[in-house]
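First listed ligand is number 1; within each ligand, the first listed atom is number 1.
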Amino acid sequence: MMAPCLLAAETITPNTADVSPRIVGGTDANPADWKFYTQIVNRNSNRSFCGASYIGNGFVLTAAHCVDTDAPNHIAVKIGGTRYNGTDGTRLDVSQIYIHPNFNTTNLANDIALLKLTSAPAGLTAVDIASGSLYQYASDGDFLTVAGLGRTAEGGSSPTVLQEVDVPLVSDAECRLAGGNYTSIGGVSFCAGLPQGGIDSCQGDSGGPIVINRGGNVTQLGIVSWGIGCARPGKYGVYSDIAALKTFVDDIVVGGSDKVHVAFDENTVLSDFIVGEPKQHSFSVQNAGFSPFTVDRLSVSGAGVATPPVIAKDTCSNTTLQGNESCLVAIEFGASEVGTATATMTFEVDKTTTVYKATVSATANPTSGYCSTDWKEDTVYLPKDTATWGGKLWKAKWWTQGEHPSTSGPWGPWEEIGVADCGVTTPVEPPVQPPVEPPVEPPVEPEPPTTGDSYVAGTQYVAGDTVVNNNDIYECKPWPYNLWCGAAPSAYEPGVGTNWQDAWIKR
Ligand code: ARG
């Protein structure tokens, strides 16, 4: 729900001069001019409660006060929708809401927010937004165009189709004369309207675009923010100044997908394992580009015969990776039966709408008798050939391929001829050593450690390895912590910084 627009709702005294049945004083907009115009609606409704604009890359720009108390899954957008309560336009869901960190709910300074969409289908039209400074695009008195589905008069009702109206840019000095919160406009906001009133945006237009059209080049300069009443003399409409707030947008939206480079292995095949045995894997995500991104919405799931994967360690979720940095997610899964076990990790990054997917799979074999002579799906077996499977030894009765011994009934191609002996070596008892009295060591003064080699950054240490670093001994922890004993990421030098305890135990 939109936060109540208190300032705009103060007094409801419709000016008799504004009996125009339009946005206040506007006309029906041509939908072809406003393909980027976006409505914000509740997830279960078609009724626009705020305006917005599509700026590309799966991001919608709006006013912070429109969405600052909303959850992403409670709202949706309609890009190119120009009918009130209509089903026109492209309806999309929202996965993330970004409010300007300095949004001031008292005077509505920095009234700007971004909505990240769950997908960005091809064919959407985006609007160019201002950067640099407002005055590179317009001078005081120049007409700007604002559109919306808000009230057509102060205290009035909503129109049925998108309305637009041309309002002149007003100097900060003149606008501040209106007093109250108007005295703080200027830095990140601007005003537009006529001194005598009569034309304006109004309640319900908030979040929508105010643009300048210079010879057909449309640039969005502002976002409908607030005003006292609507279209009153001397009380101008206030707009968030996009050029002044552009760094907020740039920090979240990256111009082209080429600027965000997420590197990870899409498909990994692990060695075979045995039903009942745990299989471990560590996914790595790397920022292979230059601009930082934050990994979010990470989850793992199992498919095939995999038991639900468990996350043993996750240094990725909600972690911002600078260029070249990487993070790891260690998982463990098992197999409920013989077959292929697959684990999938999905994640997103804040700067794109892509859902990234990495999978690992491994073949799970029966508990016993798993060996190199095991039956293989693609091998051709000639009569009298043998193969092991399920702990048993089988003999082919005739030419066969792809038929599984354990499902071969009495009329199948396989005949059971004994137990599998496939080199599963029975553990040899270690020879019993006569007990030796441990020599009594003379007590020694603590001295610089000598156990283990000195730590060498970049070496992949294994669990139990001991190293010496800065005169202390460290032991590499067991799995999954040992994953961080090595080179990547390298921020785990024993005893240095804050992360090393994830990987090492000080001895
Ligand atoms: N705050 C209002 C809204 O939420 C927009 C007000 C614009 N008012 C104006 N007089 N220009 O829809």
Side-chain angles (χ1 to χ4, degrees), residues 1-15 17-18 20 22-26 37-42 47-53 61-70 75 84 99-100 103-113 143-159 162-170 174-176 178-182 185 189-211 221-241:
M1 245 343 127
M2 166 188 70
C5 189
L6 298 170
L7 295 159
E10 265 178 9
T11 320
I12 301 170
T13 325
N15 182 334
D18 308 334
S20 162
R22 306 286 159 90
I23 183 179
V24 183
Y37 185 83
T38 301
Q39 302 180 23
I40 307 181
V41 297
N42 284 320
R47 225 170 279 259
S48 168
F49 69 77
C50 261
S53 56
L61 185 65
T62 189
H65 83 262
C66 284
V67 289
D68 65 334
T69 58
D70 274 313
I75 60 169
Y84 185 74
I99 305 288
H100 192 290
F103 170 53
N104 183 325
T105 50
T106 309
N107 65 9
L108 295 196
N110 304 300
D111 192 7
I112 186 170
F143 277 89
L144 314 179
T145 309
V146 57
L149 287 158
R151 295 171 183 218
T152 54
E154 186 174 321
S157 53
S158 297
L162 189 68
Q163 300 291 300
E164 65 172 57
V165 67
D166 291 347
V167 279
L169 180 61
V170 169
E174 184 181 341
C175 191
R176 288 181 190 157
N181 279 328
Y182 282 100
I185 72 102
S189 55
F190 62 84
C191 297
L194 290 175
Q196 69 272 29
I199 52 172
D200 197 4
S201 44
C202 200
Q203 276 72 34
D205 290 325
S206 281
I210 185 166
V211 304
L221 302 183
I223 300 166
V224 179
S225 181
W226 62 275
I228 291 186
C230 302
R232 295 188 193 178
K235 307 285 188 215
Y236 298 101
V238 181
Y239 299 85
S240 305
D241 182 343

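Just one of Cys66, Ser201, Ser225 meets the side chain to side chain contact (heavy atoms under 4.5 Å, CB included) condition when paired with Ser206; it is Cys66.
Side-chain contact, Asp241 with Ser189: no donor N or O sits under 3.5 Å from an acceptor N or O.
Between the Arg47 side chain and the Val41 main chain, no donor and acceptor come within less than 3.5 Å of each other.
At a heavy-atom distance under 4.0 Å, only backbone atoms of Asp205 (N, CA, C or O) approach ligand 1. The proximity of Ser225 to ligand 1, defined as any non-hydrogen pair under 4.0 Å, is limited to the backbone. At a heavy-atom cutoff of 4.0 Å, ligand 1 is contacted by no atom of Ala231, backbone or side chain. No part of Lys235 comes within 4.0 Å of ligand 1, judged by heavy-atom distances.
Here's the thing with Ser201: one of its N/O atoms is less than 3.5 angstrom from an N/O atom of ligand 1. Checked against a 3.5 angstrom limit, the closest N/O atoms of Ser206 and ligand 1 fall inside it.
Note that CD1 of Ile228 and CG of Asn181 are 7.5 Å apart. Values are rounded to the nearest 0.5 Å. Between the NE2 atom of His65 and the CD1 atom of Ile99 there is a distance of 11.0 Å, given to the nearest 0.5 Å.
Those atoms of ligand 1 with a heavy atom of Asp200 less than 4.0 angstrom away are 9 (C), 10 (N), 11 (N). Counting atoms of ligand 1 from 1 in the listed order, those under 4.0 Å from a heavy atom of His65 are 1 (N), 3 (C), 4 (O). Atom numbering of ligand 1 starts at 1 in the shown order; those under 4.0 Å from a heavy atom of Gly204 are 3 (C), 12 (O). Of all atoms in ligand 1, listed by their number and element, those nearer than 4.0 Å to a heavy atom of Gly237 are 11 (N).
Partners of Tyr236 under the ring pair (Phe, Tyr, Trp, His ring centres under 6.0 Å) rule, at least two apart in sequence or in another chain, do not exist in this structure. Not counting sequence neighbours, Tyr37 has no partner by the ring pair (Phe, Tyr, Trp, His ring centres under 6.0 Å) test.
Using bins of under 30°, 30° to 60° and over 60° for the plane-to-plane angle, the ring pair Tyr239/Phe190 lands in the parallel bin.
The closest approach between any non-hydrogen atom of Gly150 and ligand 1 is not below 4.0 Å. No heavy atom of Gly193 sits closer than 4.0 Å to any atom of ligand 1.
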